[in-house]
Amino acid sequence: MRETSRDEVTALGRAARRAWQGPGRERDLVVQSLKAALAALVAWLIASHWLNAPLSFIAPWVAVLLVRSTVYESLAQALQQAVAITLGTVLATAGGMALGDPWLAMVVVLPVVLLLGSWPRLGDQGMYAATTALFTLTSPGPSLDSAVARVLESLLGAAVGVAVNMLVLPPVHLRDTHRAVAQAVQEAADTLRAVAEGLDEAWDHDRAKDWDHRARRLFRLLDEARAALRHSRESERLNPARRRRARVRRMRAPYRRTLSVLEELAAYLTDLTRTLAEAAAEEPAAPRPDSDALVPYQRFLSEVAEAVDAFGRTVLDEDDAGARDRLRRRVEEVRASHDRLRRLLAGKPAGEPEWVALYGSLLMDARRLTDALWSEPPYDE
């Protein structure tokens with residue numbers, strides 16, 4: 001227990017240090033937390049000191065909830081929450097006034113409110129219909145005046161929360177996409193290197209299965225990158241930060257292009273690792289290629305890994321003016337290595353072991369992958 005607590009404190013300290021040192025996810029969380037506190041303070045001051053609202057706690061409560069990770073999300077959830085709170089308030093007030101007994105009103109009203117709150121159009125804000133109904137029914141003497149005040153103060157809090165999120169450092173989530181794409185590029189290149197380095201050893205089924213797991217993990221990383229890209233696109237909507245919004249738009253196509261190429265690479269990698277795993281699992285084990293073809297094949301995989309790294313830098317490092325030239329050279333090296341290996345395999349006698357056909361078939365996929373790395377530049381030129 002002590003070690004767990006110590007680890008959590010250490011992790012918290014590292015997160016605080018990263019937030020202090022520079023932009024990143026940790027600093028974004030700090031900024032959003034401070035904005036939520038600001039929204040609550042502004043909403044409370046308006047409700048209690050300016051308007052003398054009878055239920056002034058509602059406005060800051062709603063304002064805090066609506067400082068979301070994107071401006072669009074804040075506005076969309078503000079509308080959903082307004083409908084949910086209005087439903088809960090109106091039904092609870094009507095039930096409480098008609099039945100006179102709060103216990104009986106709860107039995108009658110809450111099931112109806114819970115059903116209405118599950119309406120898909122309300123999303124996860126539907127829960128506030130039930131909580132608002134409970135607040136209304138447990139308050140002394142539900143009345144028309146208190147119902148109107150409750151709804152108006154929730155609208156005030158929603159307006160303040162959305163306004164603060166929109167006007168004070170409006171969030172644009174591009175770093176998460178950059179990080180996710182970079183992680184996918186790195187994993188793809190590292191998996192290629194791991195296979196290339198491991199082929200000159202007595203690789204067995206367990207090791208080949210590990211390569212296969214890593215290759216399949218790439219698909220999950222690509223899904224995460226696509227989710228991050230969708231989130232960054234949402235953060236652009238209704239965002240008044242023109243320059244940051246423009247950068248999201250400019251980077252959208254290069255990131256989509258990169259993920260498309262990485263998906264093709266993932267398909268090639270899974271074919272390769274599955275073939276290696278199946279060959280290692282055969283009884284007796286399939287014969288390993290001899291060194292005159294194995295060494296060129298390892299070199300080929302290593303060069304593909306270098307080309308993938310270079311391809312990633314053309315997108316991930318915008319300030320690197322020479323990234324395109326390095327990518328072109330890497331792709332040319334891969335194509336030359338591919339052609340040498342193809343000629344070597346084609347020259348093998350028909351009676352050679354099965355691995356000639358086994359590895360040779362993968363070269364067709366590899367050529368398509370190589371062409372994809374260079375067929376369209378990630379940036380418009």
Side-chain angles (χ1 to χ4, degrees), residues 29 32-33 35-44 46-48 51 53-166 171 173 227 230-231 234-235 237-238:
L29 291 173
Q32 287 300 101
S33 298
K35 286 169 60 176
L38 174 63
L41 177 62
V42 171
W44 181 72
I46 293 174
S48 64
L51 300 178
L55 301 171
S56 57
F57 72 92
I58 293 178
W61 172 60
V62 172
V64 166
L65 295 174
L66 291 177
V67 179
R68 309 297 296 179
S69 62
T70 68
V71 173
Y72 175 79
E73 187 180 6
S74 288
L75 183 58
Q77 292 195 1
L79 296 174
Q80 292 173 328
Q81 193 178 104
V83 173
I85 289 176
T86 301
L87 281 173
T89 300
V90 169
L91 291 176
T93 300
M97 293 176 65
L99 298 174
D101 184 349
W103 295 98
L104 180 59
M106 281 189 190
V107 172
V108 173
V109 171
L110 282 182
V112 177
V113 172
L114 286 168
L115 285 173
L116 291 174
S118 63
W119 185 30
R121 288 293 184 90
L122 295 180
D124 58 4
Q125 301 301 302
M127 61 177 291
Y128 293 110
T131 57
T132 303
L134 278 173
F135 288 154
T136 301
L137 291 172
T138 54
S139 299
S143 65
L144 183 60
D145 288 342
S146 64
V148 171
R150 194 179 300 275
V151 172
L152 291 178
E153 288 167 34
S154 67
L155 293 175
L156 170 63
V160 171
V162 172
V164 168
N165 204 31
M166 179 179 291
H173 297 281
R230 287 193 296 271
H231 192 53
E234 181 183 291
S235 71
R237 302 174 68 180
L238 305 178

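The model shown is predicted, which means the values in this text are computed figures rather than measured ones.
Scanning both residues, Ala39 and Gly161, for their nearest heavy atoms gives CB-CA, 4.2 Å. In this structure, Ala82 and Thr86 approach most closely via the heavy-atom pair O-OG1, 2.7 Å. Counting all heavy atoms, side chain and backbone alike, Pro60 lies closest to Ala40 at CB-O, 3.3 Å.
One distance of note links CG of Leu65 with CD of Gln125; it measures 7.5 Å at 0.5 Å rounding. Atoms CE and CG, from Met166 and Leu75 in turn, are 6.5 Å apart once rounded to the nearest 0.5 Å.
With hydrogens and angles ignored, the 3.5 Å screen pairs a side-chain donor or acceptor of Gln80 with a backbone N or O of Arg121.
Under the 4.5 Å side-chain criterion, counting only non-hydrogen atoms from C-beta, His231 is in contact with Thr70. For the pair Asn165 and Leu66, the minimum side-chain heavy-atom distance is 4.5 Å or more. With contacts defined as side-chain heavy-atom distances shorter than 4.5 Å, the pair Val67/Ser74 does not qualify. You'll find the side chain of Leu156 reaches within 4.5 Å of the side chain of Leu51, heavy atoms only.
Within the structure, ring pair (Phe, Tyr, Trp, His ring centres under 6.0 Å) contacts touching residues 105-129 (residues at least two apart or in different chains) are Trp61-Tyr128.
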Name every donor-acceptor pair, under 3.5 Å, that has one atom in a side chain of residues 140-149 and the other anywhere in the protein, sequence neighbours excluded.
unit_1: Ser143; atom_1: OG; unit_2: Ser146; atom_2: N; d: 3.3
unit_1: Ser143; atom_1: OG; unit_2: Ser146; atom_2: OG; d: 3.3
unit_1: Ser146; atom_1: OG; unit_2: Ser143; atom_2: N; d: 3.1
unit_1: Ser146; atom_1: OG; unit_2: Ser143; atom_2: O; d: 2.9

Pairs under 3.5 angstrom only: tabulate donor-acceptor contacts from the side chains of residues 87-113 to other protein residues two or more places apart or in another chain.
unit_1: Thr89; atom_1: OG1; unit_2: Ile85; atom_2: O; d: 2.8
unit_1: Thr93; atom_1: OG1; unit_2: Thr89; atom_2: O; d: 2.7
unit_1: Asp101; atom_1: OD1; unit_2: Trp103; atom_2: N; d: 3.0

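Among residues two or more places apart in sequence or in another chain, the salt bridge (Lys or Arg N to Asp or Glu O under 4.0 Å) test is passed with Glu73 by Arg68. For the side-chain contact (heavy atoms from CB on, under 4.5 Å) test, residues two or more places apart in sequence or in another chain that qualify with Leu38 are Val42, Val164, Val168. Residues passing the side-chain hydrogen bond (donor to acceptor under 3.5 Å, both in side chains) test with Ser154, sequence neighbours excluded: none.
Within 6.0 Å of the OH atom in Tyr72, the count of heavy atoms belonging to other residues, nucleotides or ligands does not exceed 12.
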**Q.** Worked verdict on Thr132 versus Arg150 for side-chain hydrogen bond (donor to acceptor under 3.5 Å, both in side chains)
**A.** CA-CA 9 Å; Thr132 303; Arg150 194 179 300 275; over 6 Å; no

